[in-house]
Amino acid sequence: MDIVFFGSSQFAVPSLKALLASTHSLRCVVTQPDRRKGRHLFCSPTIVKSTAVAHNIKVFQPDQVNSGASVNFLKDLHAGLFVVVSYGNLLSEDILAIPVHAAINIHASLLPAYRGAAPINWALIRGENVTGITIFKLAKEMDAGPILAKREVAIDADDDASILENRLADASAPFLLSALDSIESGKAAFFPQDARMVTLAPKLKKIDGLIEWQKPAEQIHNLVRGCIPWPSAFTYYKGKLLKLYKTAVLPFTASHAKALPGEVVAASKAGIEIACGSGAIMILELQIEGKRRMTAEEFIIGHKVCIGETFYKK
RNA sequence: CGCGGGGUGGAGCAGCCUGGUAGCUCAUUAGGCUCAUAACCUAAAGGUCGAGAGUUCAAAUCUCUCCCCCGCAA
């Protein structure tokens, strides 16, 4: 089939590579414009653009993908199918109507659950054991179109959002190819989503990573897992921002009950124990403002963490 | 020129403001203690103080330039 691929972030790369290696013909890759980003606001291309350029695929980077000029450009490609994977922009109905077959999307959740920009993060934050990927036909409303196929992916206890994203992205690639087969052979069937089962997974904001220590240990641990690599779960220590990268939930003990939420219960090579609203967590990897990411053991050597100190606002 | 913090033995930090012998905790090595130990005691090794230039009798410390890391922001 003649395919136009829309994608921007890392999640789209395995699917793009699968298409490049397949018998399908990639007419064009549409991705977000190069943006100024990073510490010194350098202009850099999306990872999808870099991948496409490396394979000599034509790249299209409209500032306004839904503009008339952009729509005309896409029409002239005469594509059979649009494949959209973490592109980063809502596509207008005019665009969705262009391809001969359909415009399909790979979404990193089992729709209709976790509709939105951050399904992986929210699934972890909510403590889910299972998530998955869904291929569906794009519709006007975000993540609401009829479903072609779903595939479950288990969430391991040690997964953080970064690890899980990679696994889901890898699983997406062969799943996409099989979906293309079913569309090409005319056997594809699309089923509408059950509106009663819809849940939302909006884009994360910085403040979503703020740790509220009065919450149960499990919830804080899940927040840490879900906020990797951005915004990262954070708190404050001696007035400085402190990001937590890896934690573990501890069995409940009497000393945890006596301590206030956010208070240091113990600090050793094994990690830093912090009391929560119920139970406690062990901090294993962290990063203080201005320093690199380090293990709790390294942190304790340099910073004299004392029992009774608080990891909280200041 | 978006704003800010930082670079000091292998790891994490103090020292800088107010220039004058390189300091702390941990790790490492050797010895000791111990039934034994990742515990404890003693000792040792290990540093171009990110790089370069400048000021000075003298620079980790003051000035300038550059490199690298991190936080904010987007």
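Note on naming: letters A, B, ... go to the chains in the order of the sequence lines (proteins, then strands), and numbering restarts at 1 for each one.
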Checklist entry - Do the rings of Phe252(A) and His256(A) sit parallel, tilted or perpendicular, given the 30° and 60° boundaries? => result perpendicular
Would you indicate, yes or no, if [N] has its OP1 or OP2 atom less than 4.0 angstrom from a side-chain nitrogen or oxygen of [X]?
| X | N | result |
| --- | --- | --- |
| Arg292(A) | rG71(B) | no |
| Lys243(A) | rC70(B) | no |
| Gln287(A) | rG71(B) | yes |
| Lys206(A) | rA73(B) | no |

Quick one: [X] [atom1] to [N] [atom2], roughly how many Å, whole number?
| X | N | atom1 | atom2 | result |
| --- | --- | --- | --- | --- |
| Tyr245(A) | rC70(B) | OH | P | 9 Å |
| Leu204(A) | rA74(B) | CG | C1' | 16 Å |
| Trp230(A) | rA74(B) | CH2 | P | 9 Å |
| Leu241(A) | rC70(B) | CG | P | 14 Å |
| Glu298(A) | rC70(B) | CD | P | 15 Å |
| Phe299(A) | rA14(B) | CZ | P | 11 Å |
| Glu289(A) | rC13(B) | CD | P | 13 Å |
| Lys238(A) | rG5(B) | NZ | P | 20 Å |

Checklist entry - Which pairs count as side-chain hydrogen bond (donor to acceptor under 3.5 Å, both in side chains) when at least one residue sits in residues 10-22 of chain A, sequence neighbours excluded? => result none
Item to check | Residue whose nearest RNA chain B nucleotide is more 5′ - Ile288(A) or Arg36(A) | outcome: Arg36(A)
[atom1] atom, [N] versus [M]: distance in rounded Å?
| N | M | atom1 | result |
| --- | --- | --- | --- |
| rG32(B) | rC16(B) | P | 42 Å |
| rU8(B) | rG50(B) | P | 6 Å |
| rG5(B) | rA22(B) | C1' | 24 Å |
| rC72(B) | rU56(B) | P | 43 Å |
| rG9(B) | rA51(B) | P | 10 Å |
| rU61(B) | rG19(B) | P | 12 Å |
| rG47(B) | rC41(B) | P | 26 Å |

Checklist entry - Can you name the one residue among Gln287(A), Arg293(A), Arg225(A) that meets side chain to side chain donor-acceptor pair (under 3.5 Å) with Tyr245(A)? => result Gln287(A)
Checklist entry - Given the rule that I, L, V, M, F, W and Y join up when any side-chain heavy atoms are under 4.5 Å apart, are Leu20(A) and Phe175(A) in one cluster? => result yes
Checklist entry - Which nucleotide in the list rG71(B), rA39(B), rC13(B) gets nearest to the side chain of Lys269(A)? => result rA39(B)
Checklist entry - Should Glu298(A) and Arg292(A) be marked as a salt bridge (Lys or Arg N to Asp or Glu O under 4.0 Å) after you check the CA-CA gap, both sets of side-chain angles, and the distance that decides it? => result CA-CA 11 Å; Glu298(A) 289 175 318; Arg292(A) 63 177 179 78; 3.8 Å; yes
Checklist entry - Under a 4.0 Å heavy-atom cut-off, which of residues 302-309 of chain A touch RNA chain B? => result Gly302(A), His303(A)
